[in-house]
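Worksheet: one structure, shown below.
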Amino acid sequence: MQPKSIPLEQINIQDPFWSKHIDLVKDVIIPYQWEAMNDRIEDAESSHCIENFKIAAKEAEGAFYGAVFQDTDVAKWLEAVGFSLATHKDEALEKMADEVIETIGKAQCEDGYLNTYFTLKAPEDRWTDLCEGHELYTAGHMMEAAVAYYKGTGKKRFLEIVMKFADLICETFGSEAGKIHGYPGHQEVEIGLIKLYEVTGNQRYLEMAKYFIDTRGVGENYFLKEMARPGYQYIFPEFKDYDPRYSQSHLPVREQETAEGHAVRAVYMYCAMADLAKYCQDESLYKACMKLWDNIVTKRMYITGGIGSSGILERFTTDYDLPNEYNYSESCASIGLALFGLRMAQMTKDASFIDVVERALYNTVLAGIALDGKGFFYVNPLEVWPEACIHRTSKEHVKPIRQKWFGVACCPPNIARTLASLGQYIYTVEERTLFVQLFISNDTCIPLENENIQVQLTTCFPQDNSYTLHIAKPNAPIKVALRVPDYAEDYKVLVNGEEAPYAVEKGYAYILIDAESEINVSFLAPARWIYANPSVRADVGKVALQRGPLVYCLEEKDNGENLSSLYVDTTKAIEEMPSANWKGIVELKVSGKRVETESWDKAKLYSTHKPKMVDTTLQAIPYPYWNNRGVGEMLVWMKTFN
């Protein structure tokens with residue numbers, strides 16, 4: 001048996017740091033995104049995704065509009081609704097979602113097929129373009145949404161719709177004669193099928209997911225064969241010089257050792273590989289997951305937990321290629337990384353995976369949404385000069401301000417479903433061992449072997465590096481595994497006011513509890529300078545600031561323009577202070593120098609004249625909060641002169 005997450009309906013989060021973000025989901029984000037999907041947000045890019053379903057259901061007239069995977073916006077929105085309803089009942093929202101689900105049911109073809117693009121625009125092209133068509137990707141998100149909605153409401157209607165589609169997929173694909181011997185261009189259906197297996201127990205779904213993983217990259221590349229067909233028409237013109245590495249189909253998955261290609265596709269595939277390694281006891285998949293994880297976190301991940309450094313094709317490039325001002329770091333990719341890390345932590349009982357999960361959640365994922373819940377980043381750079389974010393340049397994908405919506409809007413609803421399901425990351429449980437993963441205030445009913453016990457965690461983390469865990473009396477002794485984060489110093493554990501002995505194994509401090517107990521955990525996590533591996537060429541001679549899990553950045557709002565002209569003094573103390581901008585947030589002040597520009601001859605671009613440097617104080621804020629006070633420059637990695 002391996003550790004598993006706690007059902008969301010048993011977790012009540014009331015946290016000084018996270019609640020303001022989580023409450024936005026039900027109060028603002030879900031309603032706002034409903035308006036966006038119905039094209040009722042002024043000056044926002046059109047979505048049309050609800051209308052596509054109405055047209056396919058014959059509830060409206062018109063033509064399909066949007067990307068080939070436009071349906072997934074609705075799916076991820078419904079998944080967020082399912083997660084939200086699991087913890088916050090809302091009859092009006094549930095009624096609205098039920099109506100959408102009925103429309104989806106009417107849009108479904110008799111044989112179970114469900115995809116508005118192909119139903120409305122290209123019905124004769126079903127399953128003929130697995131590389132670009134995203135049919136299986138869309139199906140996967142529908143499956144995930146239906147499972148979440150079933151768990152959140154107990155209603156089976158949506159689940160029955162997607163099961164009918166899943167059955168069609170099982171009848172269509174496989175190694176048998178007469179079936180399609182292909183696999184998805186964009187991985188996701190594997191996760192959806194496994195989740196269907198988890199709630200239905202239908203082994204067929206697990207086997208279908210395993211087939212897609214096992215056959216990927218084996219023999220002649222399926223996508224290249226598709227493209228070689230006479231009359232093949234590209235949906236995406238950039239695929240004309242298709243490299244199978246883009247879709248992780250260049251090698252059988254068990255032979256892949258480096259994270260390649262489109263970052264979101266990659267981590268979604270790795271999630272499915274981890275699930276299959278668990279359910280099928282597949283040691284070869286487990287070893288592949290370990291190698292791929294190691295490559296990402298030691299050579300291809302940003303300090304913020306962002307992955308996918310190239311703005312072209314949203315992809316991984318090569319080891320240590322981590323540019324700051326034109327990187328991509330899609331929000332969805334960090335969400336996928338967090339999901340992959342959670343699975344690996346459960347499989348290995350190793351807290352180092354949660355260190356990365358926490359990094360991604362607190363930084364890149366949280367940066368992807370504005371503090372009012374009505375603006376979104378798709379791309380998460382570490383350095384921004386707004387005037388240089390010009391269309392048809394190397395920085396055209398970088399937005400200097402969060403957008404109201406996107407024509408391709410995979411990130412906004414993905415962030416919504418992540419915040420709504422944050423509870424899955426806090427604890428995991430295995431028989432009579434409780435693993436404490438993230439430090440978020442909550443009241444939770446923990447399902448242990450043979451009993452349920454009430455647990456309350458109280459904290460002001462990350463402002464304060466301590467928490468209290470109150471555990472009701474268990475019927476029999478239980479182990480509590482307390483994560484010791486990689487940034488923690490002077491780690492201390494008290495049980496009922498007395499210092500408690502503990503043994504640390506794979507980043508967890510294990511203690512034994514046999515009575516009602518109050519566990520107090522404290523550690524030091526002061527702000528500190530972070531240096532990159534010298535092989536990261538973009539960061540040589542630079543430093544970053546981090547306090548606990550939060551990475552910090554400079555903003556023009558606090559430090560003036562031309563942030564690149566600033567140098568920090570790492571020999572001076574870092575001052576921590578309460579934020580004047582956001583309650584419960586710590587801001588940082590550091591000493592440094594600024595290249596003085598006033599004496600520069602403005603008529604000269606270059607000169608033998610050495611610029612003067614003047615003393616200055618720099619102020620840094622948490623990276624996820626940047627761009628919430630207007631447009632301006634932003635910088636994570638700072639030059640240092642010592």
Side-chain angles (χ1 to χ4, degrees), residues 5-29 83-84 86-88 338 342 345 351 354-355 357-363 365-366 369 371 373 418-429 434-448 452-472 478 480-485 487-488 491-497 508-509 511 513 516-525 547-550 578-579 582-586 622 624-625:
S5 296
I6 310 298
L8 291 178
E9 64 270 17
Q10 295 175 211
I11 304 172
N12 177 29
I13 295 175
Q14 294 293 335
D15 184 76
F17 180 87
W18 279 105
S19 286
K20 60 180 175 288
H21 302 291
I22 295 171
D23 290 346
L24 276 176
V25 177
K26 61 182 177 63
D27 297 336
V28 177
I29 300 171
F83 289 143
S84 180
T87 54
H88 300 88
L342 177 62
I354 299 298
D355 289 334
V357 169
E358 184 183 64
R359 182 180 295 276
L361 290 173
Y362 273 84
N363 294 292
V365 175
L366 205 50
I369 188 165
L371 290 174
T418 301
L419 292 175
S421 62
L422 187 69
Q424 70 178 314
Y425 296 98
I426 300 175
Y427 303 111
T428 55
V429 63
L434 172 65
F435 293 83
V436 180
Q437 311 278 34
L438 296 183
F439 317 130
I440 298 174
S441 295
N442 67 89
D443 290 298
T444 300
C445 181
I446 304 290
L448 293 171
N452 294 324
I453 64 167
Q454 201 66 31
V455 170
Q456 183 182 60
L457 193 156
T458 307
T459 184
C460 289
F461 183 83
Q463 181 183 24
D464 178 56
N465 297 302
S466 65
Y467 64 90
T468 298
L469 189 69
H470 186 273
I471 300 178
I478 65 171
V480 181
L482 307 164
R483 173 174 151 253
V484 183
Y487 47 76
Y491 191 85
K492 293 179 180 178
V493 179
L494 300 179
V495 177
N496 298 327
Y508 291 104
I511 59 174
I513 297 295
E516 181 175 350
S517 300
E518 185 170 281
I519 304 170
N520 296 103
V521 178
S522 63
F523 52 87
L524 301 179
R547 182 183 183 276
L550 287 170
S579 172
W582 304 288
K583 184 180 179 181
I585 296 299
V586 173
Y625 286 5

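- Ser19 contributes no side-chain N or O that, together with a main-chain N or O of Pro16, makes up a donor-acceptor pair within less than 3.5 Å.
- A tilted orientation is assigned to the rings of His21 and Tyr625, their planes being inclined by 30° to 60°.
- There is a side-chain donor-acceptor pair under 3.5 Å between Glu358 and Tyr487.
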In residues 461-469, what donor-acceptor pairs under 3.5 Å come from side-chain atoms, sequence neighbours left out?
{"from": "Asp464", "atom 1": "OD2", "to": "Ser466", "atom 2": "OG", "distance (Å)": "2.5"}
{"from": "Thr468", "atom 1": "OG1", "to": "Asn520", "atom 2": "ND2", "distance (Å)": "2.8"}

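- Gln424 and Ser5 make their closest contact through O-OG, 2.8 Å (heavy atoms, listed as atom of the first residue, atom of the second, distance).
- Shown here for Leu8 and Ala86, the closest heavy-atom pair between the two residues is CB-CB, 4.2 Å.
- Within the 3.5 Å criterion, the main-chain N or O of Ile440 finds a donor-acceptor partner in the side chain of Asn442.
- Gln437 has its side chain within reach of Tyr508: a pair of non-hydrogen atoms, C-beta onward, lies under 4.5 Å apart.
- Under a 3.5 Å cut-off, the side chain of Ser441 and the backbone N or O of Thr459 do form a donor-acceptor pair.
- Here the CD1 atom belonging to Ile11 is positioned 8.5 Å from the CD atom belonging to Glu9, to the nearest 0.5 angstrom.
- Atom CG of Leu24 is separated from atom CD1 of Ile29 by 5.0 Å, given to the nearest 0.5 angstrom.
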>> Pair Ile354, Phe435 - check side-chain contact (heavy atoms from CB on, under 4.5 Å), show working.
In response: CA-CA 11 Å; Ile354 299 298; Phe435 293 83; over 6 Å; no
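- Looking only at side-chain heavy atoms (C-beta outward), Leu438 and Trp18 stay at 4.5 Å or farther from each other.
- With a 6.0 Å radius and a threshold of 12 heavy atoms from other residues, nucleotides or ligands, Lys20 has its NZ atom above the threshold.
- Closest non-hydrogen pair, Ala488 versus Val484, comes out as CB-CG1, 4.4 Å.
- Here the CD1-CD1 distance, from Ile471 to Ile446, works out to 8.5 Å after rounding to the nearest 0.5 Å.
- For Cys445 against Pro447, the heavy-atom pair with the smallest separation is O-CD, 3.5 Å.
- Between Ile519 and Ile513 the shortest side-chain heavy-atom distance falls below 4.5 Å.
- In this structure, the side chains of Ile426 and Ile13 come closer than 4.5 Å at one or more pairs of heavy atoms.
- Looking at Leu457 and Tyr427, their side chains come closer than 4.5 Å, going by heavy atoms from C-beta outward.
- One distance of note links NZ of Lys492 with CG of Leu524; it measures 7.5 Å at 0.5 Å rounding.
- Side-chain contact check for Ile478 versus Ile453: some heavy-atom pair is nearer than 4.5 Å.
- Rounding to the nearest 0.5 angstrom, the gap separating the CD1 atom in Ile22 from the CG atom in Leu419 is 7.0 Å.
- Nearest heavy-atom pair, Ser517 versus Asn496, reported as atom, atom and distance to 0.1 Å: CA-OD1, 3.5 Å.
- For the ring pair (Phe, Tyr, Trp, His ring centres under 6.0 Å) with Tyr362, the qualifying choice from Phe439, Tyr425, Phe17 is Phe17, the only one to do so.
- Screening Glu516, Glu518, Gln456 for a side-chain hydrogen bond (donor to acceptor under 3.5 Å, both in side chains) involving His470 leaves a single residue, Glu516.
- Atom CG in Asp27 sits 8.0 Å away from atom NE2 in His88 (nearest 0.5 Å).
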